[in-house]
Amino acid sequence: MKSQLEPIYEDVLRRNPAEPEFHQAALEVFESLGPVLERHPEYAEAAVLARLCEPERQIIFRVPWVDDEGRVQINRAFRVEFNSALGPFKGGLRFHPSVNLGIVKFLGFEQVFKNSLTGLPIGGGKGGSDFDPRDRSDGEVMRFCQSFMTELYRHIGEYTDVPAGDIGVGGREIGYLFGQYKRITNRYESGVLTGKGVGWGGSLVRTEATGFGTVLFADEMLKTRGASMDGQRVVVSGSGNVATYAIQKAHQLGATVVACSDSSGYVVDESGIDVELLRQVKEVERLRIQVYAERRGGGATYVDGGPVWEVGATVALPCATQNELEPRDVKSLLDAGLVAVAEGANMPTTPEAVRMLQAADVLFGPGKAANAGGVATSALEMQQNASRDAWSEEFTEARLTDIMIGIHERCAATADQYGLPGDYVAGANIAGFVPVADAVLALGVV
Ligand code: NAP
């Protein structure tokens, strides 16, 4: 890291103790920014980076609700409004027992640069709760969401802060959240949340967008080496929203996805994961991935525990959670002929694993760039809401494809410009940082 950045990073550590994921996300960006500050001393003079590391607003609140047995339950919830220089705060809500302030801040910090990279007018934020929707009834999830929104509603709005889904928050949860917002405010303010159902203000392709975009980004990276997704052997981690549609798009582009996982274990299906069966098991019936192997019969097997990466692939798509692809996984993937990794999840690859991949000349697409298709399509949903319009599937998917190609070009060109060809980490961090930094300067000390 450049020496002038060290005191700023030390300040981040001092002011945000016990938030290792936030420290990790900040360090990764800091390590890329040395050359930018050399070219733009005005950023350092105006303390732009220090301002970007301090969220504009952090809200922590209690969520009381009553479970099916009549017991009172208490959860903790967060909304971190990180930066609104480019547009309203925008970023998902995560419901998972591991959620704490540091996790939400790492996700919000990443979101600022990711949203900037899309080229669309959206700032960055993130939120969530330590509520675990798994094994909860629909009624319990609804009561939790209603209580959560009873506090959150006063902080959000289509021009202020626009949440969406993330781990544990899908169409069902967005429905309950939007319903309660509508009831409290007495406004049908469609643009206040994205990821809505297509029948009530949602956009076609939003559900698929993050997974589709990740694979499109991988395809663009492969094209720089005269290859493509066609014919690749792919392993995906996770089996939720991002993973499912990454698998679908990989198959559409001629690859074979031979394995995917959940937090209990993984399935191997050498003939290619059956996306419809996966959706039925995981999304519709909300069962464990083990059931996929039982129903698929024949060639599919279930492995309890263990990293899915040991199956071996030429393209790896981590689509579950942070820090899930470690150095030992890189080793087994390299042995199997790995050529590319595109991050569908946020920060799924540990810093040491990223260094190993780059040293081995593996194409590496960081989440900020590779999974930005989701939030980009959320911004398209906001555009449709603002104009009271609904676009066709073809048109929306074409926009998504253009956006992903544009993000790839921006990352690659920026890396070239700074003398780091092929370094998508530096390319994404710098190309994401510069527009936000310019807007921060233009808006004055606010
Ligand atoms: P999701 O639908 O809830 O699926 C998450 C998947 O990851 C599930 O298969 C889950 O397994 C697994 N998982 C979660 N936590 C895990 C852990 N600690 N260890 C192992 N596996 C774990 O969530 P999602 O929307 O697909 O999000 C996945 C990732 O993509 C996250 O990093 C998220 O921030 C990122 N992302 C999402 C979007 C979006 O539009 N949804 C956009 C950009 C980035 P179980 O079923 O066992 O829980």
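We number each residue from 1, following the sequence as shown. One-based numbering, in listed order, for ligands and for the atoms of each.
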Any His96 heavy atom less than 4.0 Å to ligand 1 = yes
Residues Glu56 and Ser84: side-chain donor-acceptor under 3.5 angstrom = yes
So which protein heavy atom does atom 48 (O) of ligand 1 come closest to, and at what separation?
-> Arg134 NH1, 3.0 Å
So, is Arg94 polar-close to ligand 1, with some N/O to N/O distance under 3.5 Å?
-> yes
Please determine which of Tyr181, Phe178, Trp200 meets the ring pair (Phe, Tyr, Trp, His ring centres under 6.0 Å) test together with Tyr188.
-> Phe178
Residue part near ligand 1, for Glu324, under 4.0 Å between non-hydrogen atoms | neither
Does the side chain of Lys90 pick up a donor-acceptor pair with the side chain of Thr194 at under 3.5 Å?
-> yes
Quick look: Thr210 vs ligand 1, heavy-atom contacts under 4.0 Å, and the answer is side chain
Under 4.0 Å from a heavy atom of Ser239: give me the atoms of ligand 1 that qualify, with their elements.
-> 9 (O)
Are any non-hydrogen side-chain atoms of Asp138 and Met142 less than 4.5 angstrom apart?
-> no
Can you tell which part of Pro348 has a heavy atom less than 4.0 Å from ligand 1: side chain, backbone, both or neither?
-> neither
Specify the protein heavy atom at minimum distance from atom 37 (C) of ligand 1: its residue, its atom name, and the distance to 0.1 Å.
-> Val242 CG2, 3.4 Å
If you have a sec, work out which protein heavy atom is nearest atom 44 (C) of ligand 1 and how many Å separate them, to one decimal?
-> Asn346 ND2, 3.5 Å
Looking at atom 4 (O) of ligand 1, what's its closest protein heavy atom, distance included?
-> Gly240 CA, 3.3 Å
Taking the non-hydrogen atoms of Glu283, is any one of them nearer than 4.0 angstrom to ligand 1?
-> no
Considering only heavy atoms, does Glu173 approach ligand 1 within less than 4.0 Å through its side chain, its backbone, both, or neither?
-> neither
